[in-house]
Protein chains: 2
Amino acid sequence: MTQGSDPKTDTRKRILDIAEQLLLSRGFNAFSYQHISSELGVRNAAIHYHFPKKSDLGVALIQRYRRRFRRFIEQQAELDPGAQLEAYFGLSDSYYRQHRQICPSGILSTEFLTLPEDMQREAAAFIDEMRQWAVDITRRGAASGQMRYAGTPEAIGMMLFSALQGALQLARIDDGALDTIKRQVRAVLGLPGH
Amino acid sequence: MTQGSDPKTDTRKRILDIAEQLLLSRGFNAFSYQHISSELGVRNAAIHYHFPKKSDLGVALIQRYRRRFRRFIEQQAELDPGAQLEAYFGLSDSYYRQHRQICPSGILSTEFLTLPEDMQREAAAFIDEMRQWAVDITRRGAASGQMRYAGTPEAIGMMLFSALQGALQLARIDDGALDTIKRQVRAVLGLPGH
DNA sequence: AGCACTCTACTTACTGGTCAGTAAGGTGTC
DNA sequence: GACACCTTACTGACCAGTAAGTAGAGTGCT
């Protein structure tokens with residue numbers, strides 16, 4: 001079987017990919033190793049070989065999100081705050097288009113109290129980074145004069161982050177919610193396109 | 001055992017009360033009939049007597065929320081839009097103070113794709129009612145001149161609903177999130193108190 | 001008053017399924 | 001022969017759900 005075998009292991013990455021889909025559409029508590037192994041075409045124990053405990057898999061998932069998110073920020077570093085916000089909106093869109101998935105922070109904060117301790121630590125750090133980034137955008141947006149809004153950059157950054165997280169969840173019931181809320185966030189920030 | 005026995009049954013109500021706590025802190029998928037029966041001091045099958053399937057319990061919980069919410073709206077009917085919004089903020093506060101619970105719409109929309117069909121129908125109707133109410137407040141707030149905001153009443157109503165739902169979830173990680181976002185929502189609506 | 005009946009609200013005891021997790025063994029590659 | 005990467009085979013816990021039985025309260029009939 002020489003089908004795209006990688007130096008490291010392909011399987012580990014594929015497990016993470018499948019687990020990610022399951023996490024975003026069903027949540028951490030509502031998917032099992034069975035779901036992954038049957039989709040992957042291996043036995044259950046193969047998943048345990050790569051991730052002995054389910055919380056190991058969970059932690060690895062969040063750590064990968066954090067790495068990706070840091071890379072995402074670096075790539076957008078040269079853009080102006082408004083364009084960065086639009087890039088963030090684009091992320092949300094792609095979640096939604098993928099079978100009405102929601103953003104990871106939404107799942108992790110909702111299930112937070114039921115998560116294993118090591119996942120809680122990782123999740124809290126991840127969500128904090130995202131929140132800080134949102135605040136950073138609104139701060140620079142106001143400083144550069146591109147954005148005009150009532151309230152502090154901290155508060156409006158958190159509100160936009162929170163509203164977008166909620167929007168993806170509501171979009172599961174109300175198709176238009178995500179677009180409506182994106183438009184309204186632009187309006188509140190004094191940006192064009194609403 | 002003549003201890004506060006009611007005409008109907010007390011047990012059914014107590015089951016709903018315990019299930020509600022579990023729903024708001026752990027989610028629907030992460031609590032079991034065991035949790036309820038052990039807390040209530042009865043056997044597992046007693047819960048099944050009152051609610052044969054778990055989805056029956058779930059549907060009954062949401063229906064009770066809808067009844068309560070309609071009563072809540074009626075009670076606030078005489079207040080001006082700003083005061084109604086504050087009453088809504090008060091609801092959120094009480095969730096948060098009760099062991100960092102989140103609002104029911106947050107749980108139900110996040111777990112939506114894993115819920116049984118009958119619960120999905122009920123949940124969608126409930127969330128729709130809440131969203132409509134939020135929009136109603138912002139519409140009347142603008143009409144009366146009490147609120148001043150950019151964008152349409154529909155969009156800003158949805159954004160405030162969405163932001164508050166997200167805020168309760170984020171408050172599990174960040175203690176200040178709820179207050180910060182409440183303040184910011186007031187600011188965006190041009191209300192005092194921020 | 002005594003008895004038969006029914007209904008409500010449980011109980012005990014169980015089923016079959018799913019879950020995370022483990023132990024021991026096999027197979028191919030370097 | 002050591003190692004990475006799997007397999008088969010299993011354990012014990014938990015899960016929702018069911019079946020059958022029971023205690024007590026109420027109801028009606030004689």
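What you are looking at is a predicted structure, and each value in this text was computed from that prediction instead of being measured.
Atom pair A:H48:NE2 and C:dA20:C1' shows a separation of 5 Å (rounding to whole Å applied). As a whole-Å value, the separation of B:L57 CG from D:dG17 C1' is 14 Å. Per the geometry, CZ belonging to B:R12 stands 16 Å off C1' belonging to C:dC10, to the nearest Å. Between the NE2 atom of B:H50 and the P atom of D:dG17 there is a distance of 16 Å, given to the nearest Å. One can place CG of A:L115 at 16 Å from C1' of C:dA20, the figure rounded to the nearest angstrom. A straight line from OH of A:Y33 to P of C:dG17 spans 24 Å, rounded to a whole angstrom. One interatomic measurement links the two molecules: NE2 of B:H35 to P of D:dA16, which rounds to 9 Å at whole-angstrom precision. Here the C1' atom of nucleotide C:dG17 and the CG atom of A:N44 are 14 Å apart, to the nearest Å.
Looking only at atom types and distance, the side chain of A:D128 has a donor-acceptor partner in the side chain of A:Q132 under 3.5 Å away. With no hydrogens or angles considered, a side-chain donor-acceptor pair links B:Q169 and A:Q169 at under 3.5 Å.
Taking only side-chain nitrogens and oxygens, A:S32 comes nearer than 4.0 Å to OP1 or OP2 of C:dC19. Put simply, A:T11 has a side-chain N or O that comes within less than 4.0 Å of OP1 or OP2 on D:dC6.
Side-chain proximity of A:K53 to the nucleotides C:dT11, C:dG21, C:dT18 is greatest for C:dG21. The side chain of A:Y49 has D:dA4 as its nearest neighbour among C:dT22, D:dA4, C:dA20. Ranking C:dT12, C:dT22, D:dG17 by closeness to the B:A45 side chain, first place goes to C:dT12.
Among B:F126, B:F69, B:F161, the single residue meeting the ring-ring contact (aromatic ring centres under 6.0 Å, His included) criterion with B:W133 is B:F69.
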message = What verdict does the salt bridge (Lys or Arg N to Asp or Glu O under 4.0 Å) test give for B:E117 and B:R121, after you've listed the backbone C-alpha separation in whole Å, the side-chain angles of each residue and the deciding distance to 0.1 Å?
response = CA-CA 6 Å; B:E117 247 188 67; B:R121 267 193 300 277; 3.6 Å; yes

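Cation-pi geometry between B:K54 and B:F31 is met: the NZ or CZ atom falls under 6.0 Å from the ring centre, inside 45° of the normal.
Within 4.0 Å (heavy atoms only), B:F51 reaches no atom of the nucleic acid at all.
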